[in-house]
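Below is one structure, written out as structure tokens; comments come after it.
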Amino acid sequence: MISISSAGRTTLKSQEPSVFDGDLIPEDELAWQVILDLKEIVELAVAPVHTHETIAYLDVKVSEHRQRLRELIPVPVDVLNEEVVVALRQKLASRMAGRVTFRVLFGGEDDARKLTIESGIPRTVENLAFEIKTFFQVTEQFRLQYKDKDFDNQFMNLLATSELEDKGTLNVVYIPCETTSSGPLTKDAFSTIPGTTNAAASTTVPGTPSNASSSAQESNDSDSFSSNDTVILSSPETRSCSWPEPFVVPHFSYCAEMMLQTGNDEFNAQGNLLSLTPKVRSDILEGLAEEIIKYTAYPKDEQFEQVAKALIQSHPCLLEKGTRTGYCGWKHYMKIKMMNFRTKLSRAGHPEVAVNSLRNKRKGQEKPAANIKKPRKAEVNFCPNLPRGETRESLEVERVALLTEVKKKRKDEAVIKEKMQRTFSYRRQEVLQEPTIPEFQNRWPALFDVNEVNLEFMRLTTVPLTSKFFGQLDRYTDDLIRVFHAKGGSAGKKIGTTMAQTANNDDINVKRDCVLSSLSFYLNEDMDTLVKEYVDIGSREAEADISEMTLGIYTVRMQGDGPGDGRFADVGVVLEGVEVLHNLQSISHACVMLYGLIYAHNLSYPKSLKYTFEVFQKILMELDSTKLSPKVQALKVKLLK
């Protein structure tokens, strides 16, 4: 029960039942009201976001508390003196709903980005994670850390947003990802796992350079933009990460795990190998196939090699005697299993494999091996399934609504972004039917925009396009120039002439243009086969010439502008004789956009620049970088010296 001591202090006497059993305390009990007032004041104090109304309400509650306390205790006592109230009011005012800014670290100080939230500090950690996901287009799972002043500003796991202040620093710690297994993504679906420590959690942002220059960081702004009202949707079959390094062997059926555990124990004790029954072998192969399909339906030979090697390392009792590696048989079994597994998926209607069924092939290509459509440039979501609950008809309605929104004079970018995300799988399946560019542009005009090219590339690969490309290019620029200087012959002369344009020009765009052009010369290719330059040309003449281009970039200079000054009247990208992008910043920016459009439309690299685009993909973007052509491999070795 509650009592008042002679010193005027409120005390609790332990009894059975507890004093906090509400039915034992009268509603008009004054001491109880004092405690409830303090409880409400504390709740207000720790709330993460405040308005003028909540601060005014705090003043009312403090006044009520003081009045009741004077009635309860004759001796003058003030638990909340004026200094405490003023300090508390100032603290809450700093948390008032309004614009707040955070410094967000992705993998360390080398990649610090600015996050502005107009609505103030989010109420929950999950809501804050949602803001970071949508603002920076993060697809991987992560947890958040903040700098704790009690521990000399060391990073601690964020458990509540009440710990945060305006202009604070957050650290994003990535967690090993799995394929999405839920329905449409909502705020509650973001995994932040506060308080969890994971030794395997990556501290490097996938697709982000470790030491990109400041100029590359500026390009991040064009690669991601704020849309606090947008909910990013994901279908259950949409993959959120690329092939894992290293491959992690999954758990198998209960029976198989028991046999493997026993076999491993015997192998470690006596060196005996396990003799598998056909049923257990089938269970193991089925489990591996189900794990592989999380990342790709068409694994490459080196990926089968990684799976078989990982299996033997995890379960040494499965080692094969008499083979060169000890797992050649398992690799062969896996290839057969994946072929059978794809057949089952095709019958079930999985779009990534059903697109290659005989009934879906064009006339004249009714052969199993003809025109196989599969990821060839490290696409993660090559042909995703439709979102759960959606049909082709419902997504066609969304497409028409999107088309209407794009044609408005005052477009709602958030609506366009959300509908493009929702219709991604529908659009992707249409791309694989190989429509003409003019036809596709009429149906999906929103895709022919710089921001949407960036977003579409990230949906396909889970890697940011512009920031990654320029970050890596700037990172390798000094090494590339060093390698270029050692090149002789006619290619060396062309490189020297091109790089001379940067001698008296500090424009980063000019430098990037010259490096990319010199890269093509170094690989015995010529960027001029891709870039068409015009000087002070009439629009009709340019349009007539552009209509003859299959795939390329055009630049327009005004009379008097030199090739090294970085000034263009226009820079654009052409696909199948159609100008799909224009008013780009530079030739290098156009190269990035062309590279992204090739992915978005499932096109092949230009044959005259196949090695240059291989460098774009496997060295700069680090996509499928384990298997390089001899020429690109030699360049990479020289860059790393």
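Counting begins at 1 with the first residue of the sequence. Values below: all heavy atoms of this structure, side chains included; hydrogens, waters and symmetry mates excluded.
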Inset, instruction - Using a 4.5 Å cut-off on heavy atoms from C-beta on, say whether the side chain of Lys641 contacts that of Val637. - result: yes

Legend entry - Ile495 and His485: CA distance, side-chain angles, deciding distance, side chain to side chain contact (heavy atoms under 4.5 Å, CB included) verdict: CA-CA 8 Å; Ile495 290 173; His485 285 164; 5.8 Å; no

Legend entry - CZ-CE distance between Phe457 and Met593, expressed to the nearest 0.5 angstrom: 9.5 Å

Inset, instruction - Kindly assign one of parallel, tilted or perpendicular to the pair Tyr295 and Trp243, based on the angle between their ring planes and the thresholds 30° and 60°. - result: perpendicular

Legend entry - Lys/Arg-Asp/Glu bridge criterion (N-O < 4.0 Å) met for Glu456, Arg459: yes

Legend entry - Side-chain donor/acceptor of Ser346 to backbone N/O of Arg342, under 3.5 Å: no

Legend entry - Thr466-Asn454 side chain donor-acceptor pair, cut-off 3.5 Å: yes

Inset, instruction - May I ask you to say whether Asp513 pairs ionically with Lys511, meaning some side-chain N is under 4.0 Å from a carboxylate O? - result: no

Legend entry - Backbone N/O of Asn385 and side chain of Arg428: donor-acceptor pair under 3.5 Å: no

Inset, instruction - For atom NZ of Lys631, decide whether the heavy atoms of other residues, nucleotides or ligands shown that lie under 6.0 angstrom number more than 12. - result: yes

Legend entry - Any donor-acceptor pair under 3.5 Å from Arg143 side chain to Val172 backbone: no

Legend entry - Lys468 to Leu620 - nearest heavy-atom pair and separation: CE-O, 3.6 Å

Inset, instruction - Go through the steps for Ser625 and Ile619 under the test side chain to side chain contact (heavy atoms under 4.5 Å, CB included), then give the verdict. - result: CA-CA 7 Å; Ser625 57; Ile619 294 182; over 6 Å; no

Inset, instruction - I would like to know whether Lys618 and Thr626 meet side chain to side chain contact (heavy atoms under 4.5 Å, CB included); could you show each step before the answer? - result: CA-CA 8 Å; Lys618 299 185 178 183; Thr626 57; over 6 Å; no

Inset, instruction - Taking the side chain as every heavy atom from C-beta outward, state whether Leu455 and Met420 have any atom pair closer than 4.5 Å. - result: no

Legend entry - Pairwise distance CG(Leu144) to CZ(Phe155) - rounded to 0.5 angstrom: 11.0 Å

Legend entry - Member of Glu291, Glu290, Glu286 meeting the salt bridge (Lys or Arg N to Asp or Glu O under 4.0 Å) criterion with Lys337: Glu286

Inset, instruction - Say whether, by atom type as modelled, one donor and one acceptor occur between the side chain of Ser586 and the main chain of His589 under 3.5 angstrom. - result: yes

Inset, instruction - Could you pull out all residues at least two apart from Glu305 that satisfy salt bridge (Lys or Arg N to Asp or Glu O under 4.0 Å)? - result: Lys331

Legend entry - Any side-chain heavy-atom pair of Lys494 and Thr497 under 4.5 Å: no

Inset, instruction - Find out whether the Lys NZ or Arg CZ of Lys487 is both under 6.0 angstrom from the six-membered ring centre of Tyr522 and within 45° of the ring's axis. - result: yes

Inset, instruction - Would you check if the side chain of Thr296 reaches a backbone N or O of Ile292 as a donor-acceptor pair within less than 3.5 Å? - result: no

Legend entry - Test item: side-chain donor near acceptor, Glu533 and Tyr554, under 3.5 Å: no

Legend entry - Salt-bridge criterion met for Glu418 and Arg422 (N-O under 4.0 Å): yes

Legend entry - Cationic N near anionic O, under 4.0 Å, Arg512 to Asp474: yes

Inset, instruction - Any chance you could measure Ile587, atom CD1, to Ser517, atom OG, to the nearest 0.5 Å? - result: 7.5 Å

Would you give me the side-chain donor-acceptor pairs under 3.5 Å for residues 313-320, sequence neighbours excluded?
{"residue": "Ser314", "atom": "OG", "partner": "Ala310", "partner atom": "O", "Å": "3.0"}
{"residue": "His315", "atom": "ND1", "partner": "Asn264", "partner atom": "ND2", "Å": "3.1"}
{"residue": "Glu320", "atom": "OE1", "partner": "Cys328", "partner atom": "N", "Å": "3.3"}
{"residue": "Glu320", "atom": "OE1", "partner": "Gly329", "partner atom": "N", "Å": "2.8"}
{"residue": "Glu320", "atom": "OE2", "partner": "Trp330", "partner atom": "N", "Å": "3.2"}

Legend entry - Within the 6.0 Å centroid threshold, strictly below: Phe484 and Phe521: no

Inset, instruction - Would you indicate whether the side-chain heavy atoms of Leu530 and Leu594 approach each other to under 4.5 Å? - result: yes

Legend entry - CA sep, side-chain torsions, deciding dist, call: Leu575, Leu603, side chain to side chain contact (heavy atoms under 4.5 Å, CB included): CA-CA 10 Å; Leu575 296 178; Leu603 303 175; 4.1 Å; yes

Legend entry - Whether Glu525 side chain and Thr612 backbone form a donor-acceptor pair below 3.5 Å: yes

Inset, instruction - With rounding to the nearest 0.5 Å, note down the distance linking CD in Gln617 to CD1 in Ile598. - result: 10.5 Å

Inset, instruction - Please check if the side chain of Gln303 supplies one atom and the backbone of Lys300 the other of a donor-acceptor pair under 3.5 Å. - result: yes

Legend entry - Rounded distance (nearest 0.5 Å) linking atom CG of Leu597 with atom CG of Leu581: 5.5 Å

Inset, instruction - Give a yes or no on whether a salt bridge exists between Lys374 and Glu352, defined as a side-chain N under 4.0 angstrom from a carboxylate O. - result: no

Legend entry - Nearest heavy atoms of Ile132 and Leu170, plus distance in Å: CD1-CD1, 4.3 Å

Legend entry - Nearest non-hydrogen partners of Met621 and Pro464, listed with the distance: CE-O, 3.5 Å

Legend entry - Close aromatic pair by centroid cut-off 6.0 Å: Phe616 and Tyr605: no

Legend entry - Exam field: side chain Glu452 to backbone Ala446, donor-acceptor pair closer than 3.5 Å: no

Inset, instruction - Please report the shortest heavy-atom distance between Ile284 and Phe252, naming the atom on each side. - result: O-CE2, 3.4 Å

Inset, instruction - Indicate the atoms forming the closest heavy-atom contact of Leu105 with Asn171, along with that distance. - result: O-OD1, 3.5 Å

Legend entry - Test log, rule ring pair (Phe, Tyr, Trp, His ring centres under 6.0 Å), inputs Phe382 and Tyr298: CA-CA 11 Å; Phe382 181 73; Tyr298 295 92; 8.0 Å; no

Inset, instruction - Ignoring hydrogens and angles, tell me if any N or O in the side chain of Arg103 forms a donor-acceptor pair with the backbone of Leu115 under 3.5 Å. - result: no

Inset, instruction - Answer yes or no: are there more than 12 heavy-atom neighbours, outside Asp506 itself, under 6.0 Å from its atom CG? - result: no

Inset, instruction - For Thr462 and Met458, indicate whether the former's side chain and the latter's backbone hold a donor-acceptor pair under 3.5 Å. - result: no

Legend entry - Contact check, side chains of Cys383 and Gln429, non-hydrogen atoms, under 4.5 Å: yes

Legend entry - N-O pairing of Lys377 and Glu379 below 4.0 Å: yes

Legend entry - Side-chain heavy-atom pair Phe424, Asn381 within 4.5 angstrom cut-off: yes

Inset, instruction - Compare every heavy atom of Gly287 with every heavy atom of Pro250, then report the nearest pair and how far apart it is. - result: CG-O, 3.7 Å

Inset, instruction - Check whether the ring centres of Trp444 and Phe448 lie less than 6.0 Å apart, and answer yes or no. - result: no

Inset, instruction - For the residue pair Ser629 and Glu614, confirm or rule out a side-chain donor-acceptor distance under 3.5 Å. - result: yes

Legend entry - From Leu480 atom CG to Ser518 atom OG, the distance as rounded to the nearest 0.5 Å: 9.5 Å

Inset, instruction - Answer yes or no: is there a side-chain heavy-atom contact under 4.5 Å between Val571 and His582? - result: no

Inset, instruction - Run the salt-bridge test on Asp301 and Lys335 with the 4.0 Å N-O cut-off and return the result as yes or no. - result: yes

Legend entry - All pairs passing ring-ring contact (aromatic ring centres under 6.0 Å, His included) where residues 617-641 contributes a residue, at least two apart: none

